[in-house]
Amino acid sequence: MKYDYLIKNAKIIDGTGAPWCMGDVAVKGNEITAAGKVTPSEALEAECIIDAAGRILAPGFIDAHTHLDLTPFAFNPSQDPHSVRRLQQGITTQIFGCCGISTAPVTDASRKPWMERTFGIHDVSGVRWNSFSQYLDELSKQQLGVNYAGYVGHGAIRHCVMGYENRKPTSAEMEAMKNLLAQAMEGGAVGMSTGLIYAPGVFADTDELVELCSVLKEYNGIYASHIRSENARWLESVEEVIEICEKNQIPGIVHHLKTKAKDSEKLVRTVLQTLGDARDRGVDVVFEQYPYEASATGLDVVLSSWMHEGGKEAILDRLRDKAQFETFRKSIRSDYGWRNDEEEWLGAKNMLVVTAENHPEFCGRYIDEIARQLGKEPIETVFHVLLETDLHAGAAFFGIKERDICTILRSPLGMVGSDSDDVKIGETTHPRTNGTFPRVLKRYVLEKSVISMETAIFKMTGFPAARFGLQKRGLIRTGFYADLVLFDPDKLTDPADYLHPFEAPSGIDLVMVNGRIAMQNGTVTDAGSGLVLRRQ
C-alpha cells in the first residue's frame with residue numbers, strides 16, 4: 001500500500017491509557033492505515049516520511065469544553081477563524097455550546113437580543129440560521145481548522161420560548177422547549193448543556209430540567225451543566241446533576257469541576273466520593289476540568305440571579321437605580337458571604353477584569369484597584385464597569401486552590417476542557433484559551449507528577465471521544481481518522497498568563513487533522529481540514 005505519510009520511531013501513546021510503545025504510524029487519505037511497526041519495504045512506499053526520533057505521538061487532543069461557536073464565522077477578523085490557537089496546543093476537535101450557551105436555536109424575534117446579549121454580536125445579518133441543524137449546516141460551509149461537535153444550550157432553548165422571564169414554564173411552553181431540544185438532537189447535537197448561574201438558565205428549577213431532559217433519553221444524549229454553585233452549595237449543585245441524570249437514565253457531565261470554598265480540601269473529597277457513589281449505583285456521570293486557579297466569565301455574574309430578569313435593558317435600568325443600590329448590594333453580599341466592607345474589598349481583590357468593550361483601561365486590573373482610582377466601593381465599581389461597557393465585560397475570579405486542582409485531576413472521572421472564550425486578539429482573556437493542554441502536560445505530568453503522561457493523554461483523547469460518541473476518533477488505531485499530534489515533552493512550554501494570555505505554547509511539533517498536516521513547527525500549513533461532527 002502506498003502511504004501518504006509515515007511517522008517513524010515514535011513513542012506512541014495510543015489514547016487508551018496503556019503504557020507507551022515505540023512504533024510507526026502510517027496514514028493514507030484521512031485514515032490511519034497502519035500502527036505498530038512498518039517494514040523497511042513498506043516505508044519506501046510512503047510519499048512523506050517523518051522521523052519522530054523518539055518524540056511522543058498521540059491522538060489529536062479533544063477539548064471537552066469551549067465557547068468557540070462563532071470563531072469560524074469570523075464576525076471579527078481578529079478572532080482566529082482558522083483555529084491557530086487551538087492547533088498550537090495540539091487540539092484537533094473541540095466541543096462547543098457549553099454552559100447553556102449556544103448560538104442556536106433562535107427565532108426571528110429572539111435572534112438579535114440573544115446574539116447581542118450572549119455573544120456581543122450587534123450586527124446579526126450574518127446569523128443565517130434558526131435551528132441547531134441549520135447552524136451546523138452553516139458551520140460546515142466554513143473553513144475549519146479543527147473538528148467541531150457541540151451541545152445545544154438550554155439557555156438558547158428557554159430564551160426562544162420564554163425570553164428572560166423568571167417563572168416556571170406553562171405546559172405549552174414546556175412542550176415547545178421539548179420540541180426544540182428534540183429538533184437539535186435530530187440535527188446532530190451531542191446533548192444539552194445548562195448554565196444555572198446565567199440568565200435565563202438560572203430561572204429553571206430542578207423539576208423543569210428533569211422533565212426537559214426526558215427528551216435526551218430518547219437519543220442517549222448527554223446532560224452537561226455549569227452548576228448552580230461552586231462555593232457553599234457546591235455539593236448540593238453536583239447532586240442536582242446526578243438527580244437529573246438518574247431520573248432520566250442519561251449520561252451526565254459536570255462542567256469544569258472546581259470550587260473556591262474556603263475550607264475546600266474535605267469538600268473536594270466529598271464531591272468526588274459522591275460522583276463515585278453515583279456511578280456505583282449506575283448513574284453515568286463524569287466531569288471535565290481546566291488546570292488554573294481562576295475561573296472566568298462575564299462580570300455580570302456578580303449580580304444576584306433575580307437581577308437578570310427581563311434581559312439587558314432591565315439589568316441596565318437596575319444598575320442605574322441609585323435609590324435601590326443598597327438593596328442590590330445587600331443581596332450580592334449575601335450571595336458571596338461578605339459580611340462587611342472589609343470582606344467586600346477582599347473579594348474585589350480576586351476579580352480581575354479581562355475584557356471590557358470600548359474600555360481597555362479596565363483590562364488587566366482588579367476591581368479593588370479600579371475602585372480606589374474611581375473613589376467608589378467595589379460593588380459600585382462593578383456596576384460602573386458594567387454600565388460603561390453595556391454589560392460586555394468579563395473577569396477572572398481567583399480562589400481555586402492548587403491542591404484541589406491536583407486532587408481533582410487524579411480522579412479517573414475527569415476529562416480536560418479548556419472553557420476557552422472567543423475574544424479578539426489583543427484583548428485580555430483567561431490563559432486557559434491558549435495554554436490548557438500544554439499546561440496539563442508540562443506542569444501536572446512532567447513537573448509535579450500528579451498523573452502519568454498516559455493518563456493525561458487518555459483524559460484528552462480516548463475518554464472524551466468515547467463520552468461524546470466521536471466515532472473512530474481519540475485513539476491511534478488502524479481504520480481510525482488520522483487526528484494526530486507529535487510533541488517533544490522536553491520542549492513543552494506554557495507561557496500564557498493572565499496579563500499575557502496570548503503567548504503561544506511550544507513543543508507541539510506537528511498536528512494532523514483528518515489526515516492532513518494542519519500545523520508543523522508552529523506554522524499553519526492547512527487551515528481547512530476540520531469537519532463538523534454530528535451525533536451518530
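Side-chain atoms are counted along with the backbone in the values below, which use heavy atoms only and exclude waters and symmetry mates. For the single chain, residues carry numbers from 1 onward in sequence order.
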With a 4.5 Å heavy-atom cut-off, do [X] and [Y] have their side chains touching?
X      : Y      : result
Asp300 : Tyr198 : no
Pro464 : Leu470 : no
Asp280 : Asp277 : yes
Ile451 : Lys459 : yes
Gln289 : Lys258 : no
Leu87  : Val513 : yes
Pro431 : Tyr498 : yes
Asp4   : Arg516 : no

So, the side chain of [X] versus the backbone of [Y]: is there a donor-acceptor pair under 3.5 Å, distance only?
X      : Y      : value
Glu138 : Gln134 : no
Thr525 : Ile517 : yes
Arg535 : Met185 : yes
Thr436 : Tyr290 : no
Ser193 : Gly97  : yes
Asn147 : Leu531 : yes
Trp114 : Phe119 : no
Gln89  : Arg439 : no
Thr493 : Pro495 : no
Glu230 : Lys260 : no

Side chains of [Y] and [X]: any donor to acceptor distance under 3.5 Å?
X      : Y      : answer
Tyr481 : Thr92  : no
Glu288 : His255 : yes
Tyr3   : Glu47  : no
Ser420 : Thr66  : no

Under the rule for ring-ring contact (aromatic ring centres under 6.0 Å, His included), what residues qualify as partners of [X], not counting sequence neighbours?
X      : value
Trp129 : Phe73, Tyr135
Tyr292 : His430
Phe487 : none

Indicate the atoms forming the closest heavy-atom contact of [X] with [Y], along with that distance.
X      : Y      : result
Gly15  : Thr461 : CA-OG1, 3.3 Å
Ile250 : Cys213 : CD1-CB, 3.9 Å
Ile457 : Pro59  : CG2-CD, 4.2 Å
Pro105 : Val152 : CD-CG2, 3.6 Å
Ser225 : Leu196 : OG-CD1, 3.7 Å
Ile12  : Ile476 : CG2-CD1, 3.8 Å

Passing candidate, side chain to side chain contact (heavy atoms under 4.5 Å, CB included) with [X], options [options]:
X      : options                : answer
Pro251 : Asn220, Val286, Leu216 : Asn220
Val285 : Ile242, Ile253, Thr274 : Ile242
Val241 : Val254, Thr194, Leu275 : Val254

Once salt bridge (charged side-chain N to carboxylate O under 4.0 Å, His left out) is applied, what residue pairs with a partner in [range] remain, sequence neighbours excluded?
range            : result
residues 56-70   : Asp63-Arg86
residues 11-31   : Asp14-Arg477
residues 405-418 : none

- Assess whether side chain to side chain contact (heavy atoms under 4.5 Å, CB included) is satisfied between Ser102 and Tyr151, documenting all intermediate values. CA-CA 7 Å; Ser102 63; Tyr151 302 101; over 6 Å; no

By salt bridge (charged side-chain N to carboxylate O under 4.0 Å, His left out), Glu240 pairs with (sequence neighbours left out) Arg228

Residue set satisfying salt bridge (charged side-chain N to carboxylate O under 4.0 Å, His left out) with Arg269, at least two apart, ordered chain then number -> none

> Is any NZ, NE, NH1 or NH2 atom of the basic residue among Lys448 and Glu402 found under 4.0 Å from an Asp or Glu carboxylate oxygen of the other?
Replying inline: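 Salt bridge present between Lys448 and Glu402.
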
Inspect the contact between Arg432 and Asp421 and indicate whether a charged nitrogen and a carboxylate oxygen are less than 4.0 angstrom apart.
->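 Judged by the 4.0 Å cut-off on N to carboxylate O distance, Asp421 and Arg432 do form a salt bridge.
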
Could you please spell out the steps behind the salt bridge (charged side-chain N to carboxylate O under 4.0 Å, His left out) verdict for Asp483 and Lys472? CA-CA 10 Å; Asp483 293 343; Lys472 295 186 177 181; over 6 Å; no

Between [atom1] of [X] and [atom2] of [Y], what distance do you get to the nearest 0.5 Å?
X      : Y      : atom1 : atom2 : result
Asn9   : Ile50  : CG    : CD1   : 12.0 Å
Gln143 : Ser529 : CD    : OG    : 9.0 Å
Lys401 : Thr407 : NZ    : OG1   : 11.5 Å
Ile95  : Tyr148 : CD1   : OH    : 11.5 Å
Leu181 : Phe132 : CG    : CZ    : 10.5 Å
Thr93  : Met460 : OG1   : CE    : 14.0 Å

Partners of [X] by side chain to side chain donor-acceptor pair (under 3.5 Å), sequence neighbours excluded?
X      : answer
Gln471 : none
Asp137 : Arg534
His67  : His65, Asp419
Asp509 : Arg55

